[in-house]
Chemist: 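This structure is in structure tokens; I'll ask about it shortly.
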Amino acid sequence: MTSSSTVAPARGARLFNPTIASITLRGLLGRKRSLLLIPLPLILVGLSALVASRHASPEHSVSVVLVGLGIAVVLPLTALIIGTSVIGSEVDDGTIVHILTKPLPRREILLTKYLVAAVVSAVVVAVPMLLSGLIIDSLSLGVGLAVGSAIGAFVYSALFVMASLLIRRAVLVGLAYILLWEGLLGNLLDGTKVLSVQKYVTEFAAEISGSPLLHGPMSLVVAIVMAAVLTVGTLVVAVDRLRSFSVAGETS
Amino acid sequence: MSIGTEPATERAATPAAPAVLELANVSRWYGNVVAVNDVTMSLGPGVTGLLGPNGAGKTTLLHMMAGFLAPSRGTVRVAGRPTWRNPDVYRDLGLVTERENVHGFLTAREFIRASAKLQRLPDAEAATRRAIDMVDLASAADRRIDTYSKGMRQRARVAAALVHDPRVLLLDEPFNGMDPRQRMHMMELLHQMAAAGRTVLFSSHILEEVEQLSGTVQVIVAGRLAASGDYRKIRRLMTSRPHEFVISSSDDRALAVALMAEDSVAGVEIVAHTGRGRGATAGGLKIRAADYGRFSRALPRIARTGGIRLLTVVPADESLESVFSYLVGAR
């Protein structure tokens, strides 16, 4: 042992840290808030089974249950609950400091937490979407919805992880975005669809499934570019925000 | 009066090492409120107490030292590197915050091992064991932290903060919620670290803690550095305040008479009973000396001339508390 470099950190561009991922995952699954994740997929699959058993028109079932509930509610809510948990909860209770007092690039910390959030959200949403698509119409519809939602989970997670670093009441603001911007304005004003993750997801699902039951609301290229720009942009902002993470003083 | 800035002697590889923790003209304000006002200090190895009343700016200062707050003006450096937006400093820095939240679902061993791994230590396992032993937590290390008492939790956090053997350890109110035994153990631990050449800075608003743990203090009052150094020396420099001594002798009254003739004595009071410690006698004198230096030279001379044997001479107001109250009161 003549080498003087006792501490030899791999100085390459690390984007993922397994230690942080495992703590984040355990924290996420252990939180009471995560219990909220159980009913949403169950309701989606249950409702799909119900409409299928009543022989409702597939067109109607897809637009009300799969898009109206699945893509517009279950997906963003799941991503919101998880995305604001992985880092926002640790900021709230102060445990984030244990991770930040380490000589790790902030990018590595943020991207790890983002990946945990995105993958968990994608799994939690894609599985019931696959089942629901299959129940209502076909496997190809299910696959299209599952993949589209999984991509959507990555976009939403970036958005909500950033929000939880920027805003104290990220859950409320996220809810307002989902309900008011995407839910209300997205259906009233055609122009807002360019800035609506829900529309991108519908577009992806329609394209992938090739199903005549799903109508893509926009051009695929625009959806891909916007989803990518939104994801990368919010992550860049979030990393920078984490670099300047401040702890409030005793009197403030 | 600044504090020892001698380079750590055992570090032969770092020639003329500067002070490990350096603040230069550091201010921090929130809108119109100034929380920390133009603080300059440099700390080297040893234990230093950061002392001040609640709301004086201690935590703000510690947060800036730890890289969790940008100074509005000035620079904060640890081992020569700025702390703000510079995660590399955490190789040399350990922080124990006042907020005591820990991931309760982890055992202490998991928690400390995670710290070791995130520090990219070559042998995380060994470092974890060492840190657990240092804080005397081995018997409970495999229990979930949310089953811990406040003191145990605190020790787990300290272990996680020193698992990489940092040159600088910052602790914000580390003794809160500890029982006297735990407190003593923690003080021993901090002394050990200081003896090993580490720079330990802890904040406290409890004077007894600082007094027991460290002679060296940085006193923060209303955001400003009111005094720094050995608090006994600080006291001696406060010449505008008469110094109090409690003296007992073989003949208190004769001594009182002789002392009254002395210039440096501002007042003499005969006390009925000062039965403190070994050799206590009934009665004693409370002296107020206007000049510390002259009085301490005059006293033995007076005693010898009068044939009086001095039994005890105790500075009565050299406690940190009186120093502190003078400093706070002066503003």
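The analysis underlying the following values was restricted to heavy atoms, covering all of them including side chains, and did not include hydrogens, waters or symmetry mates. Every chain is numbered from 1 and lettered A, B, ... according to where its sequence line falls, protein lines coming before strand lines. No experiment lies behind these values; they were computed from the predicted model shown.
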Chemist: Which heavy atom in A/Leu104 sits nearest to a heavy atom in B/Arg120, and how many Å separate them?
Modeler: CD2-NH2, 3.5 Å

Chemist: Specify the closest pair of heavy atoms between A/Thr19 and B/Leu118, including all atoms of both residues, with the distance to one decimal.
Modeler: CB-CD2, 3.8 Å

Chemist: Count the heavy atoms belonging to other residues, nucleotides or ligands that lie under 6.0 Å from CZ of B/Arg81, then report whether that count exceeds 12.
Modeler: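 Yes.
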
Chemist: Can you name the closest pair of heavy atoms from B/Arg85 and A/Arg243 and give their distance?
Modeler: CG-O, 3.4 Å

Chemist: Check each atom of A/Asp92 against the heavy atoms of chain B and say whether the ones under 4.5 Å are side chain, backbone, both or neither.
Modeler: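 Just the backbone, heavy atoms under 4.5 Å.
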
Chemist: Which region of B/Arg99, side chain (C-beta onward) or backbone (N, CA, C, O), has a non-hydrogen atom less than 4.5 Å from a non-hydrogen atom of chain A, or is it both or neither?
Modeler: side chain

Chemist: More than 12 foreign heavy atoms under 6.0 Å from CZ of A/Arg169: is that the case here?
Modeler: no

Chemist: Using a cut-off of under 4.5 Å on heavy-atom pairs, state which of B/Leu106, B/Thr97, B/Asp172, B/Asp123 scores highest against chain A.
Modeler: B/Leu106

Chemist: Supply the atom-to-atom distance B/Lys117 NZ to A/Lys102 NZ, rounded to the nearest 0.5 angstrom.
Modeler: 13.5 Å

Chemist: Do any N or O atoms from the side chain of B/Asn101 and from the backbone of A/Asp93 form a donor-acceptor pair under 3.5 angstrom?
Modeler: yes

Chemist: Nearest 0.5 angstrom please: B/Leu69 CG to A/Ser244 OG, how far?
Modeler: 11.0 Å

Chemist: Shortest non-hydrogen contact from A/Ile23 to B/Ala114?
Modeler: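 Shortest heavy-atom separation between A/Ile23 and B/Ala114 comes out as CD1-CB, 3.6 Å.
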
Chemist: Show the nearest heavy-atom pair for residues B/Trp84 and A/Phe245, with the distance to one decimal.
Modeler: CZ3-O, 3.8 Å

Chemist: Who among A/Ile99, A/Asn17, A/Asp240, A/Ile109 has the most heavy-atom pairs with chain B under 4.5 Å?
Modeler: A/Asp240

Chemist: Heavy-atom distances under 4.5 Å only: say whether B/Ser115 touches chain A with side chain, backbone, both or neither.
Modeler: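 Its backbone and side chain both get close to chain A.
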
Chemist: Spell out, as yes or no, whether a donor-acceptor pair under 3.5 Å connects the side chain of B/His103 to the backbone of A/Thr24.
Modeler: no

Chemist: Using a 4.5 Å cut-off on heavy atoms from C-beta on, say whether the side chain of B/Phe68 contacts that of A/Ser246.
Modeler: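 Not in contact.
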
Chemist: B/His63 and A/Val247: which non-hydrogen atoms are nearest, and at how many Å?
Modeler: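 Result for this residue pair: CE1-CG1, 3.3 Å.
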
